[in-house]
Chemist: 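This is the structure, below, for whatever I ask next.
As a basis for the values below, the full set of heavy atoms in this structure was taken, side chains included, without hydrogen atoms, waters or symmetry mates. Chain identifiers are assigned alphabetically (A, B, ...) following the order of the sequence lines, protein sequences preceding nucleic acid strands; residue numbering begins at 1 within each chain.
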There are 2 protein chains.
Amino acid sequence: MTKQRKVILEELRKHGSHPTADQIFEKVRKRLPRISLGTIYRNLDLLVSEGLIRRLRGDYPQMRFDPRTDEHYHITCLNCGRIEDAPVEPLHDPIKNLENVVGHLTKYGVFGHKLEFVGFCSECLKKGVAKGLSPEAKEMAS
Amino acid sequence: MTKQRKVILEELRKHGSHPTADQIFEKVRKRLPRISLGTIYRNLDLLVSEGLIRRLRGDYPQMRFDPRTDEHYHITCLNCGRIEDAPVEPLHDPIKNLENVVGHLTKYGVFGHKLEFVGFCSECLKKGVAKGLSPEAKEMAS
DNA sequence: TTGAGTGCAAAACATTTGCACTGAT
DNA sequence: ATCAGTGCAAATGTTTTGCACTCAA
C-alpha cells in the first residue's frame, strides 16, 4: 500500500459516488500534484484485484469505480451519466433462481448478476431533458 | 434506407449474437468491399435512433449491437466476452416494483432496467478458466 | 441537379504500456 | 543497494468527425 494507492483509495471512498479514473485523478492531484494518470489506472486495477473496490461498466462510455464491494444495484442517468446506488436490497431469491435457470439452459457457469436501473436524474428532469421523449424513445434510450 | 444501411441491418440480424461494430464491418465488407468503418458506426447509430436495433454496453469494453429490441436479458462470459440472450422472461412485476421504489427514493425518473447475468460460457469452462478462481475472485470478477 | 449519405483519413478519447528513474525498506 | 512502484510519454484500440465526393431521387 503505497502513498499513492492510499490516497487514491481515500479519495474514491470520500467521493460519494462512482467517479471515472479521470475524476479520481483530479481529486488525487490536489494532494499529490506529481501523480500521473497511469498510476491512477494501475492502482485502481490493483485495488480491484485485491477486492477493495469494484470497477463498473454500464450504459456509459467510461469505466467507473465503486468503493462498495457488497452486492448492490445502481441507477444511471442516461443524460448526464450520474450513477447512484439504488436504495433497495438485492432481489436475491428470484434472481438467484433465474441464475440457475439461465445457467442450466445456456451451459454457462453463472456466478452473479448486475441490475442497472436507467432513467433521468432529478437535475436533468428539471432541465426538461425527458420532455421531448416519447415512450418509444425512452425505451430506446434504455 | 440506403444500400449500406440495409446490408448492415441484414448482417446484424443474421449474425445470431451481439457483434461489435468491427465484427459487423468484416461481414458487411464481404458484400460491400468499399464500405468504411465510419459508415458502419454512423448507420448503427441511425438504426439505434430509429429503434430498429439496440446498442449494448456492459461488462466488456466495446459497444455491442443487438438485433432484438424487445425487453430481454443477457448473459456475458467474463473470459471471452461472448454475450447471449438469457433464455428467461423478464422479471417484470418484482423489478417494475423496484423501479418505482428506486424512482421515489432517488427522485430519478426511472423508465427501465437492465439485468445482466455474468459467468463463464461452456467453452471457457472447458478450457478450465474458472478452475483457479476462488468464490471471492468470482465475486470480484462480477 | 442536388443534397443526404459515403469513403477516407485524421482526430478524439479512454486506457494501457515501455522505460528510465525514485524512494521506501 | 535493491526493486516494486512511479512519472512520463508514447502506443493502443475504439469511436467520432471533417471534408470532398457520389449517386439515387
Chemist: Taking atom C1' of D:dT15 as reference, at what distance in whole Å does atom CZ of B:Phe65 sit?
Modeler: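 Computing the B:Phe65:CZ to D:dT15:C1' distance gives 9 Å.
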Chemist: Expressed in angstrom and rounded to an integer, what is the separation of A:Arg57 atom CZ from C:dA14 atom P?
Modeler: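 Whole-Å distance recorded here is 14 Å.
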Chemist: Would you call A:Glu50-A:Arg5 a salt bridge at under 4.0 Å N-O?
Modeler: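 Here A:Glu50 pairs with A:Arg5 in a salt bridge, since their nearest N and O are under 4.0 Å apart.
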Chemist: Does B:Lys6, at its NZ atom, have more than 12 non-hydrogen atoms belonging to other residues, nucleotides or ligands within less than 6.0 Å?
Modeler: no
Chemist: Whether B:Thr2 contacts C:dA4 is assessed here as follows: a side-chain N or O lying under 4.0 Å from the phosphate OP1 or OP2. Is that the case?
Modeler: no
Chemist: Any carboxylate oxygen within less than 4.0 angstrom of a Lys/Arg side-chain nitrogen, looking at A:Glu11 and A:Lys30?
Modeler: no
Chemist: Applying ring pair (Phe, Tyr, Trp, His ring centres under 6.0 Å), can you list everything that pairs with B:His72, at least two apart in sequence or on another chain?
Modeler: B:His74
Chemist: Between B:Thr39 and B:Gln4, is any side-chain donor less than 3.5 angstrom from a side-chain acceptor?
Modeler: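 No, no side-chain donor-acceptor contact under 3.5 Å.
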Chemist: Check the distance between C:dG5's P and B:Leu9's CG and give it to me in whole angstrom.
Modeler: 16 Å
Chemist: Any salt bridge linking A:Lys126 with A:Glu123? Criterion: basic side-chain nitrogen under 4.0 Å from a carboxylate oxygen.
Modeler: no
Chemist: According to ring pair (Phe, Tyr, Trp, His ring centres under 6.0 Å), who are the partners of A:Tyr73, at least two apart in sequence or on a separate chain?
Modeler: A:His113
Chemist: Let me spell it out: for each of A:Lys3 and B:Pro61, pick the nucleotide of DNA chain D with the closest heavy atom. Which residue's pick is nearer the 5' end?
Modeler: A:Lys3
Chemist: Just compare C:dT6, D:dT14, C:dT16 and give me whichever is closest to any side-chain atom of B:Gln62.
Modeler: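 Nucleotide nearest to B:Gln62's side chain: D:dT14.
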Chemist: Nearest-Å distance, CZ (B:Arg5) to P (C:dG7)?
Modeler: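 So the CZ-P distance, B:Arg5 to C:dG7, works out to 12 Å.
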Chemist: When the distance from CG of B:Leu46 to P of C:dG5 is rounded to whole Å, what number comes out?
Modeler: 7 Å
Chemist: For the pair made of CE in B:Met1 and P in D:dA24, what is the distance, rounded to whole Å?
Modeler: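 Between P of D:dA24 and CE of B:Met1: 16 Å.
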Chemist: Which residues within residues 13-43 of chain B lie with some heavy atom under 4.0 Å of an atom in DNA chain D?
Modeler: B:Leu37, B:Gly38, B:Tyr41, B:Arg42
Chemist: Could you tell me how far apart B:Met63 (CE) and D:dG13 (P) are, to the nearest whole angstrom?
Modeler: 18 Å
Chemist: Write down the distance between CD (A:Gln4) and C1' (D:dC8), rounded to a whole number of angstrom.
Modeler: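 It works out to 14 Å between those atoms.
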